Amino acid sequence: MKNILVTGGAGFIGSNFILYMLEKYGDNIQIVNLDLLTYAGNLENLKAVEGDSRHSFVQGDIGDGPLVAELMEKHAIDTVINFAAESHVDRSIEDPGVFARTNVMGTVNLLSCARAAWENADGSYKAGVKFVQVSTDEVYGSLGETGYFTEETPLSPRSPYSASKASADLFVAAWSDTYGMPVNITRCSNNYGPYQFPEKLIPLMIHNAVGKKDLPVYGDGLNVRDWLYVDDHCKAIALVAEKGCPGEVYNVGGHNERTNIVIVKKIISLVGGKVDATVTESLIKYVTDRKGHDRRYAIDPAKIGAELGWKPDTAFEDGIEKTVDWYLQNGEWLSGVTSGSYRDYYDKMYGNR
Ligand code: NAD
Ligand code: TYD
């Protein structure tokens with residue numbers, strides 16, 4: 001793995017991944033970062049790599065065939081890692097079409113371009129090439145009170161977001177089964193950490209708590225998510241890209257199940273302790289539930305642990321404090337992304353809820 005095409009590298013996980021890879025591989029890596037810079041993409045996330053000759057940024061769409069083909073050829077790409085996606089369930093409920101265009105059709109275009117660049121005349125592939133699809137545990141649907149998602153759990157997506165990610169996963173698997181292309185799919189649980197857009201639970205609650213605004217908890221607040229610090233996800237993707245057995249799926253998660261209300265109360269206590277003691281649980285506001293709200297996600301990460309030696313490094317208590325500190329120290333970043341269209345989004349989603 002030397003010349004990587006990272007897509008969506010100006011978003012939350014993609015930008016953390018680029019920082020992680022440059023640190024890990026030193027001079028042995030070149031990264032081309034293809035990102036459309038939608039509302040979720042932000043060049044501020046890449047300030048630390050500005051001027052770094054190992055990273056080049058290209059603004060563009062993963063669905064743009066000629067552009068992706070040109071990048072594959074010009075940079076002799078040997079590894080594609082596809083982070084680019086529309087990633088927010090609530091937005092997918094409002095406007096599903098763009099989820100099909102980017103998450104499904106964009107992925108199909110990337111697969112076609114990778115195959116055209118890597119396939120030899122006899123149908124074999126150039127040595128050392130790999131396509132990694134960054135997917136989600138949400139493709140498995142919703143769990144009851146017990147049990148875990150394993151790689152054998154049938155796909156049963158329920159939201160337009162998870163339906164689009166599951167469709168993309170099936171296309172990636174088809175490129176392995178039909179054309180023999182070396183691929184992997186990772187399916188991770190909910191991430192948190194620096195640079196996450198404040199439409200998602202943890203940064204939204206930190207932002208609102210700091211501003212002493214209502215903390216909107218959907219439904220009864222007892223839905224369960226399995227939280228993983230973003231660097232641990234990056235470590236897993238790097239391992240899969242390097243050592244994952246072609247054709248295999250790897251679930252990624254750190255056995256960190258929490259109800260949403262427990263997360264919100266933790267954030268209140270951290271922000272209350274660090275910033276302003278008048279930030280209290282009185283800010284919690286139970287609001288109308290999300291349509292089709294999945295009740296519980298929980299990952300069994302045994303396979304990636306046993307086969308690739310992955311395990312998480314950051315305990316939840318440390319990770320959530322680091323994350324709150326990062327948002328407190330990066331107020332300018334937060335006000336940058338919460339001005340303008342974010343206000344319209346917030347009013348539309350939460351105004352009458
Ligand atoms: P994000 O929304 O923060 O970032 C997505 C990035 O993709 C943005 O920079 C955006 O500009 C870019 N993008 C969108 N459409 C594009 C297009 N057509 N062409 C090129 N770039 C485009 O998302 P994230 O949270 O960083 O998630 C990254 C990936 O990880 C997604 O595929 C998501 O499904 C997956 N994932 C996320 C989580 C999580 O908890 N956030 C968990 C598991 C898997
Ligand atoms: P989210 O961060 O959107 O991730 P996902 O839906 O992909 O798991 O939401 C995490 C959980 O938090 C989910 O159960 C919905 C809930 N939630 C709220 O209660 N209030 C909010 O304002 C948001 C954004 C999410």
Side-chain angles (χ1 to χ4, degrees), residues 6-17 33-43 45-46 58-64 67-68 81-93 98-99 101-103 105-107 109-110 133-139 142 159 161-162 164-165 168-169 186-193 195-205 207-208 214-228 230 233 236-237 251-253 258-261 263-264 284-290 292-297 299 337 346 349-350 353:
V6 170
T7 68
F12 162 50
I13 307 175
S15 60
N16 279 285
F17 182 73
N33 178 356
L34 173 64
D35 192 300
L36 190 56
L37 296 181
T38 67
Y39 76 93
N42 186 352
L43 289 176
N45 301 2
L46 297 162
V58 178
Q59 181 172 5
D61 194 326
I62 56 167
D64 181 339
L67 172 64
V68 175
I81 306 187
N82 183 25
F83 291 90
E86 289 294 331
S87 67
H88 190 36
V89 174
D90 290 326
R91 288 186 194 251
S92 81
I93 294 167
V98 67
F99 285 72
R101 283 196 295 282
T102 284
N103 299 4
M105 294 311 295
T107 302
N109 181 56
L110 283 177
Q133 174 71 359
V134 180
S135 187
T136 164
D137 60 356
E138 302 191 27
V139 299
S142 182
S159 72
Y161 164 67
S162 54
S164 69
K165 293 294 289 185
D169 286 9
T186 60
R187 296 191 180 131
C188 189
S189 59
N190 287 61
N191 285 213
Y192 68 100
Y195 303 114
Q196 189 168 28
F197 193 78
E199 63 189 352
K200 306 279 167 53
L201 179 73
I202 288 182
L204 186 141
M205 294 298 165
H207 177 238
N208 283 16
D214 286 346
L215 304 177
V217 174
Y218 299 170
D220 62 7
L222 297 179
N223 296 63
V224 171
R225 297 293 182 263
D226 184 356
W227 295 95
L228 187 72
V230 63
H233 187 192
I237 295 166
N251 283 355
V252 185
R258 301 278 191 287
T259 59
N260 294 335
I261 192 66
I263 297 281
V264 173
I284 292 171
K285 183 180 173 204
Y286 287 91
V287 300
T288 309
D289 208 352
R290 173 186 282 171
H293 196 174
D294 287 345
R295 191 63 171 171
R296 174 173 167 261
Y297 303 142
I299 279 278
V337 300
Y346 196 87
M349 301 302 277
Y350 295 91
R353 202 158 177 159

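Small disclaimer: the values here were computed from a predicted structure and weren't measured. Both ligands and their constituent atoms are indexed starting at 1 by order of listing.
Residue contact check: Y161 has heavy atoms under 4.0 Å from atoms 33 (C), 34 (O) of ligand 1. Atoms of ligand 1 found under 4.0 Å from any heavy atom of G60 (numbered from 1 in listed order, with element): 19 (N), 20 (C). Each of the following atoms of ligand 1 lies closer than 4.0 Å to a heavy atom of S87: 1 (P), 2 (O), 23 (O). Against a heavy-atom cut-off of under 4.0 Å, S189 is close to the following atoms of ligand 1: 42 (C), 43 (C). Atoms of ligand 1 lying under 4.0 Å from any heavy atom of N190, numbered from 1 in the order shown and given with element: 40 (O). Close approach of ligand 1 to K165 (heavy-atom distance below 4.0 Å) involves ligand atoms 31 (C), 32 (O), 33 (C), 34 (O). Numbered from 1 in the order shown, with element, the atoms of ligand 1 that lie under 4.0 Å from a heavy atom of S135 read 43 (C), 44 (C).
Of the protein's non-hydrogen atoms, R225 NE, 2.7 Å is the one closest to atom 8 (O) of ligand 2. In this structure, the protein non-hydrogen atom closest to atom 20 (N) of ligand 2 is P216 O, 2.8 Å. Protein heavy atom closest to atom 15 (C) of ligand 2, with residue, atom name and distance, is H293 NE2, 3.4 Å. Nearest non-hydrogen protein atom to atom 25 (C) of ligand 2 is Y218 CE1, 3.6 Å. Nearest non-hydrogen protein atom to atom 22 (O) of ligand 2 is Y350 OH, 2.8 Å. With respect to atom 4 (O) of ligand 2, the closest heavy atom belonging to the protein is N190 ND2, 3.4 Å. For atom 7 (O) of ligand 2, the closest non-hydrogen atom on the protein side is E138 OE2, 2.5 Å. Of all protein heavy atoms, the one lying nearest to atom 6 (O) of ligand 2 is R290 NH1, 2.5 Å.
At least one N/O-N/O distance between N260 and ligand 2 falls below 3.5 Å. Between E199 and ligand 1, no pair of N/O atoms sits closer than 3.5 Å. Between N42 and ligand 1, no N or O atom pair is found at a separation short of 3.5 Å. Residue-to-ligand polar distances keep V217 apart from ligand 2: every N/O pair is separated by 3.5 Å or more. Checking only distances, G11 does come within under 3.5 Å of ligand 1, N or O to N or O.
Of all the listed residues (D289, D90, L201), L201 holds the heavy atom that lies closest to atom 1 (P) of ligand 2. Closest heavy-atom approach to atom 9 (O) of ligand 1 within the set N33, L67, D35, N82: this belongs to D35. When N16, L36, T7, N109 are checked for heavy-atom proximity to atom 17 (C) of ligand 1, L36 turns out nearest. The closest non-hydrogen atom to atom 19 (N) of ligand 1, taken over L110, V230, L201, I62, comes from I62. Comparing A85, G8, A84 by heavy-atom distance to atom 5 (C) of ligand 1, the nearest is A85.
Using modelled atom types, no side-chain atom of N103 and backbone atom of A85 make a donor-acceptor pair closer than 3.5 Å. A donor-acceptor distance shorter than 3.5 angstrom exists from the side chain of S15 to the backbone of F12, with no hydrogens or angles considered.
The closest approach between any non-hydrogen atom of Y297 and ligand 2 is below 4.0 Å.
Within the 4.0 Å heavy-atom criterion, the part of L37 lying near ligand 1 is the backbone and not the side chain.
Taking the centre and axis of the six-membered ring of Y39, the NZ or CZ atom of R91 falls inside the cone set by 45° and 6.0 Å.
Between Y218 and H293, the two ring planes are perpendicular [angle over 60°; tilted spans 30° to 60°].
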